[in-house]
Amino acid sequence: MWQYEKKLQYPVNIKNPNPALAKVIVSQLGGPDGELGAALRYLNQRYAAPCREVQAVLSDIGTEELSHMEMIGTILYQLTRNLSMKEIKESGFDVYFVDHTTGVYPIAASGVPFTAATFQSTGDAIADLNEDLAAEQKARVTYDNILRLADDPDVRDPIKFLRAREIVHYQRFGEAQRMVQDMLDSKNFYAFNPSFDK
Amino acid sequence: MAMLNEKQQLMRKIQNESFALVEAHLYLDSHPTCPMGLKYFAQHKKEYDELMEEYAQKYGPITVGQSDTEKKWSWVTAPFPWERGES
């Protein structure tokens with residue numbers, strides 16, 4: 001089970017609304033490598049993990065991703081306060097606004113709504129952990145791209161924090177992958193050991 | 001960064017300690033017998049618990065278990081963290 005803590009993992013206090021920036025940052029909420037997909041990926045994969053350490057890594061990183069989803073939601077909320085219709089039209093935010101007003105909705109910047117089709121839960125720890133390593137790198141690239149697009153230090157600061165977390169999670173998943181690989185048959189050099197029909 | 005008021009300063013301290021715990025926690029998941037990691041977690045947990053208690057007393061609950069049950073349900077009278085200045 002989960003318990004909500006009424007605090008952000010890292011502070012988000014944005015002075016200047018910027019709907020054009022919200023339109024790209026929303027991808028880290030509902031896009032292909034966003035925080036919602038990350039949380040759902042790890043929290044659903046964990047049942048197939050073959051040892052307690054890997055069960056813990058998936059549970060705890062999955063949980064941290066939920067707090068990152070909250071930080072992205074907060075960034076979007078603060079970037080879209082007190083907008084005039086002129087700002088909405090001129091920024092290109094109108095295509096989001098027409099369906100969601102300024103509500104926070106999980107969608108990719110390209111306009112594709114959040115979908116579980118962007119991740120897997122294969123029931124096989126080796127396959128899942130290899131996906132998880134790639135997922136952390138892809139999310140890191142998206143944060144790099146957001147940093148290329150965003151000038152406002154109030155936005156860059158929490159985005160830099162989130163980017164750094166992708167790097168730490170990659171490290172922890174690497175250890176989890178090594179642990180599972182060490183549990184495989186010693187003659188299995190190629191890291192396949194179907195977990196279903198053993 | 002604008003000057004932080006006392007409440008915000010205390011929240012920053014909690015976020016710092018909380019972050020130390022998250023980092024140590026994930027590390028210990030894959031290194032469960034590391035004596036330095038265990039010691040680091042225990043030290044920061046103590047500091048974190050004290051700060052959480054201080055914050056709840058002064059500014060309102062962070063967890064639902066800290067909510068006031070005598071006069072009013074303070075969980076709903078203190079602001080949520082997505083408001084500017086509340087994190």
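Just so we're on the same page: letters track the sequence lines, and every chain starts at 1.
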Review point. So which of B:Q8, B:H31, B:M52 has the biggest tally of heavy-atom pairs under 4.5 Å with chain A?
Key: B:H31
Practice item. Determine the option with the most heavy-atom pairs under 4.5 angstrom with chain A, choosing from B:E83, B:Q66, B:M11. Key: B:E83
Check your understanding: Heavy-atom distance under 4.5 Å to chain B: side chain of A:Q3, backbone, both or neither?
Key -> side chain
Practice item. Please report the closest heavy-atom contact between A:Q78 and B:W82, naming both atoms and the distance. Key: NE2-O, 2.9 Å
Practice item. Answer with side chain, backbone, both or neither: which region of B:F80 has an atom nearer than 4.5 Å to a non-hydrogen atom of chain A? Key: both
Practice item. Please flag which part of A:E70 lies under 4.5 Å from any non-hydrogen atom of chain B: side chain, backbone, both or neither. Key: side chain
Review point. Between B:F41 and B:H25, how do the two ring planes meet: parallel, tilted or perpendicular, split at 30° and 60°?
Key: perpendicular
**Study point:** Region of A:R81 that comes under 4.5 Å of a non-hydrogen atom in chain B
**Key:** side chain
Check your understanding: Is the centre of the A:F119 ring less than 6.0 Å from the centre of the A:Y42 ring?
Key -> no
Check your understanding: Which one of B:P79, B:P61, B:G60 has the most heavy-atom pairs closer than 4.5 Å to chain A?
Key -> B:P79
Review point. Listed by chain and number, what are the ring-ring contact (aromatic ring centres under 6.0 Å, His included) partners of A:Y4, not counting sequence neighbours?
Key: none
Review point. With distance as the sole criterion, is a donor-acceptor pair present between the side chains of A:D132 and A:Q45 under 3.5 Å?
Key: yes
Practice item. Name, in order of residue number, those residues of residues 53-67 of chain A that have a heavy atom at a distance of less than 4.5 Å from a heavy atom in chain B; otherwise write 'none'. Key: A:E53, A:A56, A:V57, A:D60, A:I61, A:E64
Check your understanding: Where does B:L28 contact chain A at under 4.5 Å (heavy atoms): side chain, backbone, both or neither?
Key -> neither
Review point. For A:R165, is it the side chain, the backbone, both, or neither that has a heavy atom closer than 4.5 Å to a heavy atom of chain B?
Key: side chain
Exercise for review: Answer yes if the side chains of A:Q137 and A:R140 hold a donor-acceptor pair under 3.5 Å, and no otherwise.
Suggested key: yes
Practice item. Using the six-membered ring wherever Trp is involved, compare the ring planes of A:F161 and A:H68 and label them parallel, tilted or perpendicular (cut-offs 30° and 60°). Key: perpendicular
Review point. Cationic tip of A:K23 within the cone over A:Y96's six-membered ring, i.e. under 6.0 Å and within 45° of the normal?
Key: no
**Study point:** Atom group of B:Y55 that falls short of 4.5 Å from chain A, counting heavy atoms
**Key:** neither
**Study point:** chain B contact via A:F173 - which portion, at a heavy-atom distance below 4.5 Å
**Key:** neither
Exercise for review: Using modelled atom types only, decide if a donor and an acceptor are shared between the side chain of A:T115 and the backbone of A:A117 within a distance under 3.5 Å.
Suggested key: yes
Check your understanding: With no hydrogens and no angle check, do the side chains of A:N44 and A:S121 hold a donor and an acceptor under 3.5 Å apart?
Key -> no
**Study point:** Pair B:Q43, B:E47: side-chain N/O donor-acceptor within cut-off below 3.5 Å
**Key:** no
Check your understanding: Hey, is the main chain of A:A109 close enough, under 3.5 Å, to the side chain of A:S27 for a donor-acceptor pair?
Key -> yes
**Study point:** Side chain, backbone, both or neither of B:S18 within contact of chain A (heavy atoms, under 4.5 Å)
**Key:** side chain
